[in-house]
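Below is one structure, written out as structure tokens; the observations come after it.
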Protein chains: 2
Amino acid sequence: MARKADPERSAARREAITQAAAKLFAERGFENTSAAEIAKAAGLSSGSVFYYFTDKRALFRSVFERDLPMSRELVQRCTAGEDPVASILAMVDELAVEAMDPIAPGILVEVLRQAGKDPDLMRVIAENTAILHEGFATLVERGIRTGAIDPALDPRETAEWIQVVIDGAFLSADPDRDPRPMLRRLITRFLSRPCDPAGKPA
Amino acid sequence: MARKADPERSAARREAITQAAAKLFAERGFENTSAAEIAKAAGLSSGSVFYYFTDKRALFRSVFERDLPMSRELVQRCTAGEDPVASILAMVDELAVEAMDPIAPGILVEVLRQAGKDPDLMRVIAENTAILHEGFATLVERGIRTGAIDPALDPRETAEWIQVVIDGAFLSADPDRDPRPMLRRLITRFLSRPCDPAGKPA
DNA sequence: GTCTATAGGGGGATAGAC
DNA sequence: GTCTATCCCCCTATAGAC
């Protein structure tokens, strides 16, 4: 029985607003989604939205602040593996699964657009990118040392390009189509030494 | 000396508005760019903008309608070559050069967002994508027949993935960095038969 | 054709009751 | 904490003079 200042109920409310906002922002865009619409979708009034969030941009940021712990966990888990190339592919696979979320393309596009206008959001996004970048770069470097990855590659630049390909996959994601097989082919061959058969040639 | 209804002056005006709009839309987004700002940048009044374009969306579309003839020409020129893989790389190279335009990431993001809201714009974009898609698919098929490309690949799906990679490169384009070398590596290896050295192993 | 002025509508954020 | 009501700014698109 909620007494006062129930922090659980409060957190649940915030989360409900964030989720409703994510869906609407992805479908209709930031500027074309009014606080009133978000409030309605979350089952409360527009006044309450501004009780939980100082303004609309803060609400938008909350969508991505949720991702930071997930990215950290993903990198930590994947950099623990033995085989660097397999670990990279595991990371890519997991990120690709997120791309199959129906709202993924919309929300990616929207965040890129808004990041240029909101320095706070920019920081959140940059941190998320940096976390993944570090993970990929570490694994690429490790792969070069073990000889599984082409030593002609620069680890940081290679990490960036892996992210470029993933971003591309997010952009044109189709919930009905699993991007992972082709992503694996792209990345495996991108990383491999000039004439080696990739990883396991089957 | 311009007499009346000078069609040249008129076209130049339209073009000036379109160019100013492209820059501002890319930098600040569609909704955050007012007709007055575009007018000012193009050196006329907001009323005149609506003399040349029925509404703001039509103005946005005009930015991309310019691209259609360019894409057609590009495909025609590149499908005329002898070596299919080299032709694909030539197409990718040319598209990548466009990605080095400072406004490229912004305008790509913006068009993806707006295409979902404006069926007319959607048609323009779909046609441009289709033109490039046909070009790539034709070349992939040709490459499979000549034995230069892995026959395990489906031409249309492969064409889509080439475009995915290009879109990714556009998204994170940096005017100071030439994406072409890495794009070439990605695509060459993506296409090649399982154990062949890519194209020219040097 | 190009301008100025404005009608007309929408929505972010707040005030204040409950 | 949650609501309703509303202030106030901005912007698209048009009207009408020149």
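Computed from a predicted model, the values in this text were never measured in an experiment. Side chains included, hydrogens not; waters and symmetry mates left out as well; all remaining heavy atoms used. Numbered from 1 within each chain, the chains take letters A, B, ... in sequence-line order.
- Remark: C1' of dC10(D) and CD of Glu31(A) are 13 Å apart, rounded to the nearest angstrom.
- Atoms CZ (Phe30(B)) and C1' (dC11(D)) sit 12 Å apart, rounded to a whole Å.
- When distances are taken from the side chain of Ser48(A) to each of dC11(D), dC3(D), dA13(C), the shortest belongs to dC3(D).
- The phosphate of dG1(C) has OP1 or OP2 within less than 4.0 Å of a side-chain N or O from Tyr51(B).
- Residue Glu37(B) contributes atom CD, which lies 11 Å from atom C1' of dC10(D) at whole-angstrom precision.
- Nucleotide dC3(C) holds its C1' atom 11 Å from the CZ atom of Arg13(B), rounded to whole Å.
- Counting only heavy atoms from C-beta on, Phe50(A) has its side chain closest to dA13(C) among dA5(C), dA13(C), dT2(D).
- With no hydrogens or angles considered, no side-chain donor-acceptor pair links Thr79(B) and Thr138(B) at under 3.5 Å.
- Annotation: cation-pi geometry satisfied between Arg185(B) and Phe190(A) (NZ/CZ under 6.0 angstrom from ring centroid, within 45° of ring axis).
- No donor-acceptor distance shorter than 3.5 angstrom exists from the side chain of Ser48(B) to the backbone of Tyr51(B), with no hydrogens or angles considered.
- Side-chain proximity of Asp55(A) to dA13(C), dA13(D), dC3(D): nearest is dA13(C).
- With a 6.0 Å cutoff to the six-membered ring centre and a 45° limit on the axis angle, Arg13(B) does not count as a cation-pi contact of Tyr52(B).
- Among the candidates Val92(B), Ile187(B), Thr158(B), the single residue satisfying the side chain to side chain contact (heavy atoms under 4.5 Å, CB included) test with Phe136(B) is Val92(B).
- The nearest whole Å value for the distance from the CG atom in Leu24(A) to the P atom in dG11(C) is 13 Å.
- Applying the 4.0 Å criterion to OP1 and OP2 of dT12(D), one finds that Arg57(B) has every side-chain N and O outside that range.
- In this structure, Ile17(B) atom CD1 and dC3(C) atom P are separated by 10 Å, rounded to whole Å.
- Proximity of Arg9(B) to the phosphate of dG1(C): no side-chain N or O atom is located under 4.0 Å from OP1 or OP2.
- Here dT2(D) presents its C1' atom at 15 Å from CG of Asp6(A), a figure rounded to the nearest Å.
- The CZ-P distance, from Arg28(A) to dG10(C), rounds to 13 Å in whole Å.
- No contact: Phe53(B) has no heavy atom under 4.0 Å from any strand.
- Within the structure, a side-chain polar atom (N or O) of Tyr52(A) is placed less than 4.0 Å from OP1 or OP2 of dT2(D).
- If you check every strand for non-hydrogen atoms under 4.0 Å, Ser45(B) touches a base.
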